[in-house]
There are 2 protein chains.
Amino acid sequence: METALPKFDSVFSIDCVIFGFEAGELKILLIERNEEPFKDWFALPGYIVEQDESIDDGAKRILYELTGLRNMPIKQLHTFGDVNRHPQGRVVTIAYFALIRISGQKDLTPITQYAKKAFWHPVKDLPKLAFDHTTIFETAFRRIRRRLNYQPIAFDLLPEKFTLTQLQSLYEVIQDKKLDKRNFRKKMLSYGFLKELSEKQKGVSYRAAKLYKFDRRKYNKIFQNELNIQTTE
Amino acid sequence: METALPKFDSVFSIDCVIFGFEAGELKILLIERNEEPFKDWFALPGYIVEQDESIDDGAKRILYELTGLRNMPIKQLHTFGDVNRHPQGRVVTIAYFALIRISGQKDLTPITQYAKKAFWHPVKDLPKLAFDHTTIFETAFRRIRRRLNYQPIAFDLLPEKFTLTQLQSLYEVIQDKKLDKRNFRKKMLSYGFLKELSEKQKGVSYRAAKLYKFDRRKYNKIFQNELNIQTTE
DNA sequence: TCAAAAGTGTTTGCCGTACACCCATGG
DNA sequence: CCATGGGTGTACGGCAAACACTTTTGA
(Lines give C-alpha, C1' and ligand atoms only; values in the text may rest on other atoms or scores of the structure.)
Protein backbone atom coordinates (compact mmCIF):
# COMPACT_ATOMS: atom_id res chain seq x y z
CA MET A 1 0.00 0.00 0.00
CA GLU A 2 1.68 3.15 -1.16
CA THR A 3 0.60 6.32 0.54
CA ALA A 4 1.83 9.24 -1.49
CA LEU A 5 3.02 12.33 0.27
CA PRO A 6 0.79 15.31 -0.33
CA LYS A 7 3.44 17.31 -2.19
CA PHE A 8 7.02 16.67 -3.00
CA ASP A 9 8.00 20.29 -3.26
CA SER A 10 9.88 21.11 -0.10
CA VAL A 11 7.75 19.26 2.39
CA PHE A 12 8.90 19.48 5.96
CA SER A 13 8.28 17.20 8.86
CA ILE A 14 8.91 16.86 12.57
CA ASP A 15 10.56 13.99 14.41
CA CYS A 16 10.69 13.75 18.17
CA VAL A 17 13.26 12.14 20.42
CA ILE A 18 11.54 11.78 23.78
CA PHE A 19 13.69 10.49 26.62
CA GLY A 20 12.42 8.83 29.73
CA PHE A 21 13.91 6.95 32.68
CA GLU A 22 12.40 3.77 34.01
CA ALA A 23 13.68 0.74 35.87
CA GLY A 24 17.18 2.18 35.94
CA GLU A 25 17.28 2.50 32.17
CA LEU A 26 17.23 5.46 29.84
CA LYS A 27 14.55 4.98 27.20
CA ILE A 28 13.12 6.73 24.19
CA LEU A 29 9.68 6.77 22.76
CA LEU A 30 9.19 4.87 19.50
CA ILE A 31 6.25 4.10 17.31
CA GLU A 32 5.56 1.23 15.03
CA ARG A 33 4.70 2.68 11.66
CA ASN A 34 1.47 1.82 9.96
CA GLU A 35 2.23 3.57 6.67
CA GLU A 36 4.57 3.25 3.74
CA PRO A 37 7.41 3.88 3.48
CA PHE A 38 8.92 1.81 6.28
CA LYS A 39 5.56 0.31 7.19
CA ASP A 40 5.90 -1.94 10.28
CA TRP A 41 9.28 -0.45 11.14
CA PHE A 42 10.10 1.24 14.37
CA ALA A 43 10.58 4.97 14.09
CA LEU A 44 10.68 8.17 16.05
CA PRO A 45 7.26 9.77 16.38
CA GLY A 46 7.10 12.14 13.45
CA TYR A 47 4.90 13.48 10.73
CA ILE A 48 4.38 16.31 8.31
CA VAL A 49 3.77 19.86 9.48
CA GLU A 50 0.65 21.67 8.37
CA GLN A 51 0.75 24.91 6.45
CA ASP A 52 -0.91 26.98 9.11
CA GLU A 53 0.92 25.93 12.22
CA SER A 54 4.33 26.96 13.49
CA ILE A 55 6.91 24.21 13.62
CA ASP A 56 6.81 24.32 17.42
CA ASP A 57 3.05 23.89 17.46
CA GLY A 58 3.27 21.23 14.81
CA ALA A 59 5.78 19.31 16.85
CA LYS A 60 3.45 19.29 19.85
CA ARG A 61 0.49 18.27 17.76
CA ILE A 62 2.33 15.49 15.98
CA LEU A 63 3.73 14.06 19.17
CA TYR A 64 0.25 14.06 20.64
CA GLU A 65 -1.36 12.43 17.65
CA LEU A 66 1.19 9.66 17.47
CA THR A 67 1.67 8.89 21.14
CA GLY A 68 -1.17 10.47 23.09
CA LEU A 69 1.24 12.65 25.06
CA ARG A 70 0.10 16.24 25.38
CA ASN A 71 1.94 19.45 26.10
CA MET A 72 5.38 18.00 26.33
CA PRO A 73 8.17 20.55 26.90
CA ILE A 74 9.93 19.82 23.63
CA LYS A 75 12.82 21.81 22.28
CA GLN A 76 14.34 22.00 18.88
CA LEU A 77 17.33 19.77 18.27
CA HIS A 78 18.56 19.98 14.68
CA THR A 79 17.26 19.95 11.15
CA PHE A 80 18.09 17.14 8.78
CA GLY A 81 17.95 17.95 5.14
CA ASP A 82 19.84 15.50 3.00
CA VAL A 83 18.27 15.12 -0.41
CA ASN A 84 17.65 11.40 -0.16
CA ARG A 85 16.71 11.01 3.45
CA HIS A 86 13.12 10.19 2.48
CA PRO A 87 12.59 7.59 -0.24
CA GLN A 88 9.48 9.24 -1.63
CA GLY A 89 10.77 12.72 -2.18
CA ARG A 90 12.26 15.76 -0.62
CA VAL A 91 11.38 15.96 3.05
CA VAL A 92 13.38 18.13 5.38
CA THR A 93 12.79 17.17 8.97
CA ILE A 94 13.11 19.32 12.04
CA ALA A 95 13.97 17.18 15.04
CA TYR A 96 12.78 18.00 18.54
CA PHE A 97 13.64 16.44 21.84
CA ALA A 98 12.35 16.34 25.40
CA LEU A 99 13.09 14.69 28.71
CA ILE A 100 10.01 13.61 30.54
CA ARG A 101 8.79 11.60 33.48
CA ILE A 102 7.51 8.17 32.56
CA SER A 103 4.55 7.48 34.72
CA GLY A 104 2.71 4.22 34.60
CA GLN A 105 -0.67 5.88 34.12
CA LYS A 106 0.10 7.70 30.92
CA ASP A 107 -1.15 5.43 28.24
CA LEU A 108 0.58 5.67 24.96
CA THR A 109 -2.24 5.48 22.49
CA PRO A 110 -1.79 6.85 19.02
CA ILE A 111 -4.68 9.04 17.94
CA THR A 112 -4.02 8.65 14.25
CA GLN A 113 -3.82 5.54 12.16
CA TYR A 114 -0.29 6.32 11.07
CA ALA A 115 1.16 4.51 14.03
CA LYS A 116 0.13 1.08 15.23
CA LYS A 117 1.46 1.70 18.68
CA ALA A 118 3.80 3.84 20.72
CA PHE A 119 6.12 2.41 23.35
CA TRP A 120 9.24 3.03 25.40
CA HIS A 121 12.41 1.34 24.29
CA PRO A 122 15.78 1.32 26.09
CA VAL A 123 18.44 3.36 24.32
CA LYS A 124 20.74 0.41 24.74
CA ASP A 125 20.11 -2.01 21.90
CA LEU A 126 17.92 0.22 19.82
CA PRO A 127 16.76 -1.59 16.71
CA LYS A 128 17.41 -0.16 13.29
CA LEU A 129 15.02 2.71 12.83
CA ALA A 130 13.19 4.02 9.78
CA PHE A 131 14.66 6.80 7.62
CA ASP A 132 17.68 8.50 9.22
CA HIS A 133 16.12 8.24 12.65
CA THR A 134 19.09 6.45 14.13
CA THR A 135 21.25 9.45 13.28
CA ILE A 136 18.67 11.78 14.74
CA PHE A 137 18.59 9.79 17.95
CA GLU A 138 22.38 9.85 18.21
CA THR A 139 22.43 13.59 17.77
CA ALA A 140 19.87 13.96 20.53
CA PHE A 141 21.71 11.63 22.85
CA ARG A 142 24.99 13.52 22.44
CA ARG A 143 23.12 16.71 23.12
CA ILE A 144 21.63 15.58 26.42
CA ARG A 145 24.89 14.03 27.55
CA ARG A 146 26.60 17.37 27.17
CA ARG A 147 23.71 19.32 28.56
CA LEU A 148 23.57 17.22 31.71
CA ASN A 149 26.77 18.96 32.79
CA TYR A 150 25.32 22.42 32.89
CA GLN A 151 21.56 22.20 33.05
CA PRO A 152 19.20 20.53 35.50
CA ILE A 153 17.70 18.17 32.96
CA ALA A 154 17.96 15.09 35.15
CA PHE A 155 15.02 16.23 37.26
CA ASP A 156 12.74 16.19 34.26
CA LEU A 157 13.30 12.46 34.01
CA LEU A 158 12.89 11.52 37.66
CA PRO A 159 9.69 11.25 39.65
CA GLU A 160 8.86 14.32 41.65
CA LYS A 161 10.26 12.73 44.80
CA PHE A 162 13.46 10.85 44.40
CA THR A 163 16.43 9.58 46.37
CA LEU A 164 19.98 10.75 45.83
CA THR A 165 20.91 7.27 44.71
CA GLN A 166 18.29 7.40 41.98
CA LEU A 167 19.62 10.75 40.86
CA GLN A 168 23.14 9.43 40.82
CA SER A 169 22.23 6.35 38.86
CA LEU A 170 20.54 8.51 36.27
CA TYR A 171 23.72 10.54 35.87
CA GLU A 172 25.67 7.34 35.58
CA VAL A 173 23.39 5.93 32.91
CA ILE A 174 23.46 9.06 30.78
CA GLN A 175 27.18 9.55 31.06
CA ASP A 176 27.95 5.86 31.02
CA LYS A 177 30.38 6.04 33.90
CA LYS A 178 30.45 5.33 37.60
CA LEU A 179 30.48 8.23 40.03
CA ASP A 180 31.71 8.41 43.59
CA LYS A 181 28.79 8.39 45.99
CA ARG A 182 30.21 10.78 48.57
CA ASN A 183 31.38 13.31 46.06
CA PHE A 184 28.16 13.18 44.12
CA ARG A 185 25.99 13.78 47.17
CA LYS A 186 28.24 16.49 48.51
CA LYS A 187 28.18 18.37 45.26
CA MET A 188 24.45 18.02 44.63
CA LEU A 189 23.53 19.11 48.12
CA SER A 190 26.01 21.98 48.07
CA TYR A 191 24.11 23.66 45.25
CA GLY A 192 21.20 24.22 47.56
CA PHE A 193 18.41 23.52 45.08
CA LEU A 194 17.45 20.14 46.49
CA LYS A 195 14.77 20.18 49.12
CA GLU A 196 14.98 17.41 51.66
CA LEU A 197 11.57 15.99 52.47
CA SER A 198 10.54 14.43 55.74
CA GLU A 199 9.30 11.40 53.86
CA LYS A 200 11.31 8.31 53.18
CA GLN A 201 11.34 5.70 50.51
CA LYS A 202 8.81 2.89 50.95
CA GLY A 203 8.61 -0.74 50.04
CA VAL A 204 12.30 -1.52 49.96
CA SER A 205 13.83 -4.37 51.90
CA TYR A 206 16.72 -2.35 53.22
CA ARG A 207 17.25 0.94 54.95
CA ALA A 208 14.87 3.45 53.39
CA ALA A 209 16.48 6.50 51.82
CA LYS A 210 15.41 10.10 52.27
CA LEU A 211 13.39 11.62 49.48
CA TYR A 212 14.25 14.92 47.83
CA LYS A 213 12.53 17.36 45.53
CA PHE A 214 14.07 19.63 42.95
CA ASP A 215 13.31 23.24 43.80
CA ARG A 216 13.26 24.99 40.46
CA ARG A 217 12.65 28.38 41.93
CA LYS A 218 15.80 28.14 44.00
CA TYR A 219 17.69 26.81 41.04
CA ASN A 220 16.69 29.79 38.95
CA LYS A 221 17.64 32.18 41.69
CA ILE A 222 21.05 30.59 42.13
CA PHE A 223 21.88 30.35 38.47
CA GLN A 224 20.13 33.37 37.08
CA ASN A 225 23.35 34.90 35.81
CA GLU A 226 24.33 31.88 33.84
CA LEU A 227 20.77 31.41 32.71
CA ASN A 228 20.75 34.78 31.05
CA ILE A 229 23.22 33.33 28.66
CA GLN A 230 21.81 29.83 28.52
CA THR A 231 18.16 30.49 28.04
CA THR A 232 17.87 29.53 24.41
CA GLU A 233 17.76 26.15 22.74
CA MET B 1 8.03 45.21 -8.12
CA GLU B 2 6.56 42.11 -6.61
CA THR B 3 8.56 38.95 -7.06
CA ALA B 4 6.38 36.03 -6.19
CA LEU B 5 7.89 33.08 -4.41
CA PRO B 6 7.93 29.96 -6.54
CA LYS B 7 5.58 28.00 -4.30
CA PHE B 8 3.95 28.74 -1.02
CA ASP B 9 3.56 25.17 0.06
CA SER B 10 6.21 24.56 2.65
CA VAL B 11 9.05 26.43 1.06
CA PHE B 12 12.26 26.43 3.02
CA SER B 13 15.15 28.82 2.99
CA ILE B 14 18.58 29.37 4.46
CA ASP B 15 19.84 32.39 6.36
CA CYS B 16 23.46 32.82 7.36
CA VAL B 17 24.97 34.64 10.31
CA ILE B 18 28.61 35.12 9.41
CA PHE B 19 30.79 36.64 12.09
CA GLY B 20 34.06 38.44 11.51
CA PHE B 21 36.45 40.53 13.57
CA GLU B 22 37.98 43.73 12.27
CA ALA B 23 39.34 46.89 13.81
CA GLY B 24 38.63 45.58 17.29
CA GLU B 25 34.97 45.06 16.52
CA LEU B 26 32.84 41.98 16.06
CA LYS B 27 30.92 42.22 12.80
CA ILE B 28 28.41 40.26 10.79
CA LEU B 29 27.85 40.01 7.10
CA LEU B 30 24.72 41.72 5.78
CA ILE B 31 23.25 42.26 2.38
CA GLU B 32 21.08 44.99 1.03
CA ARG B 33 18.10 43.33 -0.53
CA ASN B 34 17.16 43.99 -4.12
CA GLU B 35 13.87 42.08 -4.05
CA GLU B 36 10.47 42.34 -2.50
CA PRO B 37 9.57 41.83 0.24
CA PHE B 38 11.83 44.07 2.27
CA LYS B 39 13.44 45.50 -0.88
CA ASP B 40 16.27 47.90 0.09
CA TRP B 41 16.36 46.59 3.65
CA PHE B 42 19.38 45.11 5.27
CA ALA B 43 19.15 41.38 5.87
CA LEU B 44 21.17 38.30 6.58
CA PRO B 45 22.36 36.59 3.42
CA GLY B 46 19.64 34.06 2.70
CA TYR B 47 17.58 32.51 -0.02
CA ILE B 48 15.50 29.53 -0.95
CA VAL B 49 16.89 26.02 -1.10
CA GLU B 50 16.64 24.05 -4.32
CA GLN B 51 14.86 20.72 -4.52
CA ASP B 52 17.92 18.72 -5.40
CA GLU B 53 20.48 20.00 -2.94
CA SER B 54 20.96 19.16 0.72
CA ILE B 55 20.37 22.02 3.12
CA ASP B 56 24.10 22.09 3.92
CA ASP B 57 25.00 22.38 0.25
CA GLY B 58 22.26 24.91 -0.28
CA ALA B 59 23.57 27.03 2.54
CA LYS B 60 27.04 27.11 0.99
CA ARG B 61 25.66 27.93 -2.43
CA ILE B 62 23.37 30.67 -1.20
CA LEU B 63 26.09 32.31 0.83
CA TYR B 64 28.35 32.25 -2.20
CA GLU B 65 25.76 33.68 -4.53
CA LEU B 66 24.83 36.53 -2.25
CA THR B 67 28.25 37.49 -0.97
CA GLY B 68 30.89 35.91 -3.20
CA LEU B 69 32.32 33.94 -0.26
CA ARG B 70 33.06 30.34 -1.13
CA ASN B 71 33.46 27.24 0.98
CA MET B 72 32.80 28.82 4.29
CA PRO B 73 32.80 26.42 7.26
CA ILE B 74 29.19 27.03 8.18
CA LYS B 75 27.28 25.08 10.78
CA GLN B 76 23.64 24.77 11.47
CA LEU B 77 22.24 27.07 14.12
CA HIS B 78 18.48 26.72 14.47
CA THR B 79 15.34 26.53 12.38
CA PHE B 80 12.74 29.26 12.50
CA GLY B 81 9.27 28.25 11.54
CA ASP B 82 6.65 30.66 12.75
CA VAL B 83 3.71 30.81 10.42
CA ASN B 84 3.96 34.50 9.69
CA ARG B 85 7.67 35.05 9.61
CA HIS B 86 7.53 35.67 5.86
CA PRO B 87 4.90 38.11 4.58
CA GLN B 88 4.36 36.29 1.30
CA GLY B 89 3.67 32.82 2.59
CA ARG B 90 4.96 29.92 4.56
CA VAL B 91 8.73 29.88 4.57
CA VAL B 92 10.60 27.91 7.18
CA THR B 93 14.19 29.02 7.40
CA ILE B 94 17.17 27.04 8.53
CA ALA B 95 19.79 29.36 9.96
CA TYR B 96 23.51 28.67 9.67
CA PHE B 97 26.45 30.45 11.22
CA ALA B 98 30.19 30.68 10.79
CA LEU B 99 33.15 32.54 12.20
CA ILE B 100 35.62 33.62 9.58
CA ARG B 101 38.66 35.76 9.00
CA ILE B 102 37.89 39.08 7.38
CA SER B 103 40.67 39.77 4.96
CA GLY B 104 40.82 42.96 2.96
CA GLN B 105 41.27 41.16 -0.33
CA LYS B 106 38.08 39.16 -0.23
CA ASP B 107 35.67 41.25 -2.20
CA LEU B 108 32.10 40.89 -1.27
CA THR B 109 30.36 40.85 -4.59
CA PRO B 110 26.95 39.31 -4.90
CA ILE B 111 26.68 36.96 -7.84
CA THR B 112 22.91 37.18 -8.10
CA GLN B 113 20.70 40.20 -8.55
CA TYR B 114 18.85 39.48 -5.34
CA ALA B 115 21.32 41.49 -3.33
CA LYS B 116 22.58 44.95 -4.23
CA LYS B 117 25.64 44.55 -2.08
CA ALA B 118 27.15 42.63 0.78
CA PHE B 119 29.09 44.26 3.60
CA TRP B 120 30.36 43.86 7.13
CA HIS B 121 28.44 45.60 9.88
CA PRO B 122 29.38 45.84 13.58
CA VAL B 123 27.12 43.82 15.84
CA LYS B 124 26.85 46.86 18.04
CA ASP B 125 24.15 49.12 16.63
CA LEU B 126 22.76 46.68 14.13
CA PRO B 127 19.94 48.28 12.19
CA LYS B 128 16.52 46.71 12.08
CA LEU B 129 16.78 43.72 9.77
CA ALA B 130 14.31 42.21 7.35
CA PHE B 131 11.98 39.38 8.41
CA ASP B 132 12.90 37.86 11.79
CA HIS B 133 16.59 38.24 11.07
CA THR B 134 17.25 40.21 14.22
CA THR B 135 16.02 37.26 16.25
CA ILE B 136 18.16 34.91 14.20
CA PHE B 137 21.21 37.06 14.80
CA GLU B 138 20.56 37.15 18.53
CA THR B 139 20.29 33.39 18.65
CA ALA B 140 23.59 33.06 16.84
CA PHE B 141 25.31 35.58 19.06
CA ARG B 142 24.20 33.80 22.21
CA ARG B 143 25.45 30.57 20.73
CA ILE B 144 28.94 31.81 20.00
CA ARG B 145 29.19 33.56 23.35
CA ARG B 146 28.59 30.26 25.08
CA ARG B 147 30.73 28.29 22.71
CA LEU B 148 33.70 30.55 23.21
CA ASN B 149 34.07 29.00 26.65
CA TYR B 150 34.68 25.49 25.44
CA GLN B 151 35.73 25.58 21.81
CA PRO B 152 38.58 27.32 20.03
CA ILE B 153 36.37 29.47 17.86
CA ALA B 154 38.28 32.68 18.47
CA PHE B 155 41.08 31.57 16.18
CA ASP B 156 38.71 31.35 13.25
CA LEU B 157 38.15 35.07 13.55
CA LEU B 158 41.74 36.22 13.97
CA PRO B 159 44.43 36.49 11.32
CA GLU B 160 46.72 33.51 11.15
CA LYS B 161 49.37 35.33 13.17
CA PHE B 162 48.12 37.30 16.12
CA THR B 163 49.24 38.79 19.39
CA LEU B 164 47.95 37.72 22.77
CA THR B 165 46.46 41.15 23.23
CA GLN B 166 44.45 40.77 20.04
CA LEU B 167 43.24 37.41 21.24
CA GLN B 168 42.27 38.84 24.58
CA SER B 169 40.44 41.78 23.09
CA LEU B 170 38.42 39.39 20.95
CA TYR B 171 37.40 37.45 24.02
CA GLU B 172 36.49 40.70 25.71
CA VAL B 173 34.38 41.88 22.79
CA ILE B 174 32.44 38.63 22.50
CA GLN B 175 31.85 38.29 26.21
CA ASP B 176 31.45 42.01 26.76
CA LYS B 177 33.67 42.07 29.80
CA LYS B 178 37.19 43.01 30.70
CA LEU B 179 39.68 40.26 31.45
CA ASP B 180 42.84 40.32 33.49
CA LYS B 181 45.87 40.39 31.24
CA ARG B 182 48.16 38.23 33.34
CA ASN B 183 45.57 35.58 34.03
CA PHE B 184 44.45 35.49 30.43
CA ARG B 185 47.96 35.00 29.06
CA LYS B 186 48.88 32.44 31.69
CA LYS B 187 45.81 30.39 30.96
CA MET B 188 46.07 30.56 27.19
CA LEU B 189 49.73 29.64 27.16
CA SER B 190 49.25 26.86 29.70
CA TYR B 191 47.04 24.96 27.27
CA GLY B 192 49.99 24.44 25.00
CA PHE B 193 48.22 24.88 21.68
CA LEU B 194 49.64 28.32 20.91
CA LYS B 195 52.86 28.33 18.94
CA GLU B 196 55.12 31.26 19.60
CA LEU B 197 56.65 32.61 16.40
CA SER B 198 59.99 34.33 16.10
CA GLU B 199 58.31 37.21 14.33
CA LYS B 200 56.99 40.32 15.95
CA GLN B 201 54.24 42.74 15.24
CA LYS B 202 55.12 45.49 12.76
CA GLY B 203 54.09 49.05 12.16
CA VAL B 204 53.05 49.92 15.68
CA SER B 205 54.41 52.95 17.46
CA TYR B 206 55.11 51.16 20.68
CA ARG B 207 56.83 48.01 21.78
CA ALA B 208 56.06 45.29 19.27
CA ALA B 209 54.34 42.18 20.59
CA LYS B 210 55.24 38.59 19.82
CA LEU B 211 53.10 36.83 17.27
CA TYR B 212 51.47 33.48 17.87
CA LYS B 213 49.77 30.85 15.77
CA PHE B 214 46.99 28.47 16.77
CA ASP B 215 48.20 24.89 16.42
CA ARG B 216 45.04 22.95 15.69
CA ARG B 217 46.80 19.61 15.61
CA LYS B 218 48.03 20.10 19.14
CA TYR B 219 44.65 21.33 20.20
CA ASN B 220 43.00 18.19 18.90
CA LYS B 221 45.55 16.00 20.60
CA ILE B 222 45.09 17.73 23.93
CA PHE B 223 41.33 17.80 23.85
CA GLN B 224 40.53 14.62 22.04
CA ASN B 225 38.68 13.17 24.99
CA GLU B 226 36.37 16.09 25.35
CA LEU B 227 36.04 16.32 21.61
CA ASN B 228 34.59 12.85 21.46
CA ILE B 229 31.65 14.30 23.24
CA GLN B 230 31.68 17.70 21.63
CA THR B 231 32.07 16.87 17.99
CA THR B 232 28.57 17.63 16.87
CA GLU B 233 26.82 20.89 16.25
C1' DT C 1 61.71 61.75 26.93
C1' DC C 2 57.22 60.54 26.55
C1' DA C 3 53.29 57.78 25.38
C1' DA C 4 51.54 53.36 24.74
C1' DA C 5 51.28 48.84 25.14
C1' DA C 6 54.20 44.43 26.23
C1' DG C 7 55.38 41.45 29.46
C1' DT C 8 55.80 39.19 33.96
C1' DG C 9 54.59 36.02 39.67
C1' DT C 10 52.63 35.24 43.82
C1' DT C 11 48.99 34.44 46.99
C1' DT C 12 44.50 32.82 48.21
C1' DG C 13 40.32 30.37 48.21
C1' DC C 14 37.44 27.04 46.10
C1' DC C 15 36.28 22.97 43.82
C1' DG C 16 36.98 18.39 42.13
C1' DT C 17 38.79 13.96 43.33
C1' DA C 18 40.32 10.02 45.83
C1' DC C 19 39.25 7.04 49.31
C1' DA C 20 36.52 3.21 53.46
C1' DC C 21 33.67 2.32 57.05
C1' DC C 22 29.49 2.11 60.12
C1' DC C 23 24.30 2.37 60.14
C1' DA C 24 19.45 1.20 59.58
C1' DT C 25 15.99 -1.75 57.87
C1' DG C 26 13.26 -5.75 56.26
C1' DG C 27 13.19 -10.42 55.64
C1' DC D 1 21.51 -12.16 62.05
C1' DC D 2 22.38 -11.17 57.59
C1' DA D 3 22.13 -8.91 53.23
C1' DT D 4 21.44 -4.65 51.08
C1' DG D 5 21.95 -0.23 50.14
C1' DG D 6 22.05 4.47 53.11
C1' DG D 7 24.82 7.69 54.78
C1' DT D 8 29.06 10.21 56.18
C1' DG D 9 34.54 13.41 56.30
C1' DT D 10 39.15 14.49 55.23
C1' DA D 11 43.21 15.51 52.69
C1' DC D 12 45.39 16.92 48.44
C1' DG D 13 46.18 19.21 44.10
C1' DG D 14 44.93 22.20 40.51
C1' DC D 15 42.61 26.06 38.73
C1' DA D 16 40.61 30.65 38.80
C1' DA D 17 40.92 35.25 40.59
C1' DA D 18 42.98 39.29 42.54
C1' DC D 19 46.52 42.39 42.10
C1' DA D 20 51.05 46.45 40.07
C1' DC D 21 55.17 47.38 38.24
C1' DT D 22 59.12 47.32 34.82
C1' DT D 23 60.49 47.07 29.89
C1' DT D 24 60.56 48.14 25.10
C1' DT D 25 59.71 50.81 21.18
C1' DG D 26 58.57 54.50 17.84
C1' DA D 27 57.56 59.13 17.37
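Remember, predicted model here, so these are calculated numbers, not experimental data. Every chain is numbered from 1 and lettered A, B, ... according to where its sequence line falls, protein lines coming before strand lines.
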A.B. asks: Take atom CZ of B:Arg207 and atom C1' of C:dT8, then tell me their distance rounded to the nearest Å.
C.D. replies: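 In whole Å, C:dT8 C1' lies 10 Å from B:Arg207 CZ.
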A.B. asks: Establish whether the base of C:dT17 is bridged to the side chain of A:Lys186 by a donor-acceptor pair shorter than 3.5 Å.
C.D. replies: yes
A.B. asks: Nearest whole angstrom, please: distance from the C1' of D:dG6 to the NZ of A:Lys202.
C.D. replies: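 Going from NZ in A:Lys202 over to C1' in D:dG6 covers 18 Å.
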A.B. asks: Can you confirm if the aromatic rings of B:Phe214 and B:Phe193 lie within a centre distance of less than 6.0 Å?
C.D. replies: yes
A.B. asks: What is the distance, to the nearest angstrom, from the CD atom on B:Glu172 to the P atom on C:dA5?
C.D. replies: 13 Å
A.B. asks: Looking at D:dG5, C:dA18, C:dG9, which one has an atom nearest to any side-chain atom of A:Asn183?
C.D. replies: C:dA18
A.B. asks: Nearest-Å distance, CG (B:Leu179) to P (D:dA16)?
C.D. replies: 13 Å
A.B. asks: Without decimals, in angstroms, what is the distance between B:Leu211 CG and C:dA5 C1'?
C.D. replies: 14 Å
A.B. asks: So, for B:Tyr191 and B:Tyr219, is the gap between ring centers shorter than 6.0 Å?
C.D. replies: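 Judged by ring-centre distance (under 6.0 Å), B:Tyr191 and B:Tyr219 do not meet the cut-off.
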A.B. asks: Round to the nearest Å and state the distance from B:Lys210 atom NZ to D:dT24 atom C1'.
C.D. replies: 12 Å
A.B. asks: Taking atom P of C:dG7 as reference, at what distance in whole Å does atom OH of B:Tyr206 sit?
C.D. replies: 11 Å
A.B. asks: Between B:Phe131 and B:Phe80, is the ring centroid distance below 6.0 Å?
C.D. replies: no
A.B. asks: Would A:Lys181 and A:Phe184 count as a cation-pi pair here, with the cationic atom under 6.0 angstrom from the ring centre and within 45° of the axis?
C.D. replies: no
A.B. asks: Could you say whether B:Ala209 or A:Lys200 is positioned toward the 5' end of DNA chain C, judged by the nucleotide with the nearest heavy atom to each?
C.D. replies: B:Ala209
A.B. asks: Using atom CZ of B:Phe162 as one end and atom C1' of C:dA6 as the other, report the distance to the nearest whole Å.
C.D. replies: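 Answer to the nearest Å: 16 Å.
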A.B. asks: Which nucleotide sits closest to the side chain of B:Lys181: C:dC19, C:dG7, D:dG5?
C.D. replies: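 Looking only at heavy atoms from C-beta outward on B:Lys181, the closest nucleotide is C:dG7.
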A.B. asks: Taking 4.0 Å as the cut-off, does a side-chain nitrogen or oxygen of A:Arg182 come that near to OP1 or OP2 on C:dA18?
C.D. replies: no
A.B. asks: So, does the side chain of B:Lys187 form a donor-acceptor pair with the base of D:dA16 at under 3.5 Å?
C.D. replies: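 In this structure, the two groups form no donor-acceptor pair.
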A.B. asks: Taking only side-chain N and O atoms of A:Thr165, does any of them lie within less than 4.0 angstrom of OP1 or OP2 on D:dG5?
C.D. replies: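 It does not, given that no N or O in the side chain of A:Thr165 lies less than 4.0 Å from OP1 or OP2 of D:dG5.
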A.B. asks: Starting from the 5' end of DNA chain C, give me the residue, B:Ser205 or B:Tyr212, whose nearest nucleotide shows up first.
C.D. replies: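 Taking each residue's closest nucleotide, the earlier one in sequence belongs to B:Ser205.
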A.B. asks: Set out, in order, the CA-CA distance, both residues' side-chain angles and the distance that settles side chain to side chain contact (heavy atoms under 4.5 Å, CB included) for B:Leu26 and B:Phe19, then state yes or no.
C.D. replies: CA-CA 7 Å; B:Leu26 193 66; B:Phe19 291 92; 4.1 Å; yes
A.B. asks: Ignoring backbone atoms, establish whether A:Arg185 has a side-chain N or O less than 4.0 Å from OP1 or OP2 of D:dG7.
C.D. replies: yes
